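These numbers were taken from a predicted model, which means no experiment stands behind them.
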Amino acid sequence: MTRFATLAALTAFTVVLAGCKTAPTQPDRNAPVEQKVTLGAIKMPPGVDYARARLIADNRRVKVYTELVGIGDPKNEKLLFPARVAQEIGVTPVQMRRRFMDTVSKSKRFEIYDSGSSV
């Protein structure tokens, strides 16, 4: 074997060994996921209610009273829900107020209070 052939064989063997060392490995599925957290100031859009933003930051909810004024009022037929519609579907104003309260409370953003006398 010539000196050049020996050198070529040695180089090829070194490249093969180097290739074995740098072979890709499977990622560890049990390793914790690295998440990059960026800290900084949050720009608030114009018109933000800072008092409500503080409530959200403190994990508190806005307290609201639910009231459906004028529902089923026979004097005003231009309402979104006139008395004629209530009769056709068989719903009383008390039932409508309760449905409204339930719908608002499903959002879990408000603490609901009823201004009516019912319990």
Query - Pair I112-K63, side-chain contact (heavy atoms from CB on, under 4.5 Å): steps then yes or no - result: CA-CA 6 Å; I112 308 297; K63 297 175 182 174; over 6 Å; no

Query raised in the report: Would D102 and R98 satisfy salt bridge (charged side-chain N to carboxylate O under 4.0 Å, His left out), going step by step from the backbone distance to the final call?
Result: CA-CA 6 Å; D102 293 342; R98 184 64 203 182; 3.2 Å; yes

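For D58 (side chain) and R60 (main-chain N/O), no donor-acceptor pair under 3.5 Å exists by modelled atom type.
One hydrophobic cluster holds both L55 and V104 under the rule that ILVMFWY side chains link at heavy-atom gaps under 4.5 Å. With hydrophobic clusters built from ILVMFWY side chains whose heavy atoms lie under 4.5 angstrom apart, M101 shares a cluster with F110.
Between R61 and R109, the closest heavy-atom pair is CB-O, 3.6 Å.
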